[in-house]
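Structure record follows, encoded as structure tokens.
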Protein chains: 2
Amino acid sequence: MTAIKESSTLNANRENNKATCPISFVMSKIGGHWKPIILYHLMSGPKRYSELKKLIPAITEKMLIQHLKQMQQEDLVIRKAENIVPPFVTYSLSPEGEELRPILDAMVEWAFARDFFAA
Amino acid sequence: MTAIKESSTLNANRENNKATCPISFVMSKIGGHWKPIILYHLMSGPKRYSELKKLIPAITEKMLIQHLKQMQQEDLVIRKAENIVPPFVTYSLSPEGEELRPILDAMVEWAFARDFFAA
DNA sequence: CATGTTACATACTTTGGGGTAAGTACTTGT
DNA sequence: ACAAGTACTTACCCCAAAGTATGTAACATG
């Protein structure tokens, strides 16, 4: 989880924005390159780690678990592991994560109302 | 606007995500450190360049115009300049920018429903 | 006993977003 | 003549997020 240098203006700004702008606050939770995509796929139901990998071919395993862990720590997703071998781990939206739906839905709507046309 | 290296996996991924995930598509428009804050302030009405500066003390002038220009190019904000000296430039949400309100409002609501308590 | 499967971990490198600092144009006030 | 105000521009640097590569545990199966 790669420690962050305290006393960098970068991070100071980030923290300040999170504390003073609700939009930035949300962005700090679901922003970045991969979190949106992971959330998007989890919106259609719980998924195995390997399923997410297949659904998001471009993502590296490092990025996938890194963000899953972060979102888990922030109580946005739930990790459920069957104690078997080979492992069987399922990720799903937590109740708090489910409450993101209005936001995510609004985004999807906005995207499709514009020049976004996915397959 | 600092040219971007073609053939970097970083950017290739970004482009791919924008094209395949509506959430990422929206994030590519309103993500980053400053765009959310700028939009947040523009939600309460048109603002002068200098007003935005005062409202967002931590932002540098470079970042402010950079993002204003980007959002202007993407038709999210409108720039209106009176032809006087000293200059008088006003920024406001475009019609397309206004359509972001449901998203932004949902974010604000989510933020306040959680551990976010701004002044 | 070697190979496959699943869900990770970790050291090292790259890169692009953001920060710093300084300068510009044009006019008004003193 | 010089400072002040407004809205920028530009060159240079830094660092944290993302990418690359490789390794691990624990069993199941041929």
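Throughout, protein chains are lettered first and strands after them, A, B, ... in sequence-line order, and every chain is numbered starting at 1.
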Whole Å only: how far is the [atom1] atom of [X] from the [atom2] atom of [N]?
| X | N | atom1 | atom2 | answer |
| --- | --- | --- | --- | --- |
| A:Tyr91 | C:dA7 | OH | C1' | 8 Å |
| B:Leu64 | D:dT9 | CG | P | 12 Å |
| A:Met27 | C:dG17 | CE | P | 15 Å |
| A:Leu68 | C:dC8 | CG | P | 8 Å |
| A:Glu61 | C:dT5 | CD | C1' | 12 Å |
| B:His33 | D:dC14 | NE2 | C1' | 13 Å |
| B:Ile84 | D:dC8 | CD1 | P | 13 Å |
| A:Phe88 | C:dC8 | CZ | P | 12 Å |

(request) Would you check if A:Ile78 and A:Pro95 make a side-chain contact, meaning some heavy-atom pair closer than 4.5 Å? (result)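 In short, these two side chains touch, coming nearer than 4.5 Å.
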(message) If you define the side chain from C-beta out and look only at heavy atoms, does anything of A:Phe25 sit under 4.5 Å from B:Met107?
(response)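 No, their side chains stay 4.5 Å or more apart.
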Checking contacts here: which listed nucleotide ([options]) is nearest the side-chain heavy atoms of [X]?
| X | options | value |
| --- | --- | --- |
| A:Thr60 | D:dA18, D:dT20, C:dC8 | D:dT20 |
| A:Met63 | C:dA21, C:dC8, D:dG19 | D:dG19 |
| A:Ile65 | D:dC8, C:dG18, C:dC8 | C:dC8 |

(message) Closest-nucleotide mapping onto DNA chain D: is B:Lys62 or B:Arg14 further toward the 5' terminus? I mean the 5' end.
(response)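 This one resolves to B:Lys62.
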(request) Starting at CG of B:Leu93, measure out to CD of B:Glu99 and round the result to the nearest 0.5 Å. (result)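 B:Leu93 atom CG to B:Glu99 atom CD measures 11.0 Å (nearest 0.5 Å).
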(request) Hey, could you give me the CG/CG distance between A:Leu76 and A:Leu42, rounded to the nearest 0.5 Å? (result)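 Reported value, rounded in 0.5 Å steps: 10.5 Å.
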(message) Quiz question: by atom type and distance under 3.5 Å, do the side chains of B:Tyr91 and B:Glu51 form a donor-acceptor pair?
(response)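 Side-chain D/A pair, B:Tyr91 to B:Glu51: absent.
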Protein N or O to nucleotides 24-26 of chain D N or O, pairs below 3.5 Å:
none

Check the phosphate of [N] against [X], side-chain N and O only, distance under 4.0 Å to OP1 or OP2. Yes or no?
| X | N | result |
| --- | --- | --- |
| A:Arg79 | C:dC8 | yes |
| B:Lys69 | D:dT9 | yes |
| A:His67 | D:dA18 | yes |

For [X] versus [Y], what's the shortest heavy-atom pair and its separation?
| X | Y | result |
| --- | --- | --- |
| B:Lys18 | A:Phe116 | O-CE1, 3.2 Å |
| A:Ser94 | A:Asp75 | OG-O, 2.5 Å |
| B:Leu68 | B:Val77 | O-CG2, 3.7 Å |

(message) Counting only heavy atoms not in B:Glu109 (residues, nucleotides, ligands), do more than 12 fall under 6.0 Å from its CD?
(response)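 Counting other residues, nucleotides and ligands, CD of B:Glu109 stays at 12 neighbours or fewer.
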(message) Tell me which residues in residues 38-56 of chain A lie within less than 4.0 Å of DNA chain D, going by non-hydrogen atoms.
(response)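 Residues of residues 38-56 of chain A under 4.0 Å from DNA chain D: none.
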(request) Please confirm whether the backbone N or O of A:Met43 pairs with a side-chain atom of A:Arg101, one donor and one acceptor, at under 3.5 Å? (result)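 Yes, because the side chain of A:Arg101 sits within donor-acceptor range (under 3.5 Å) of the backbone of A:Met43.
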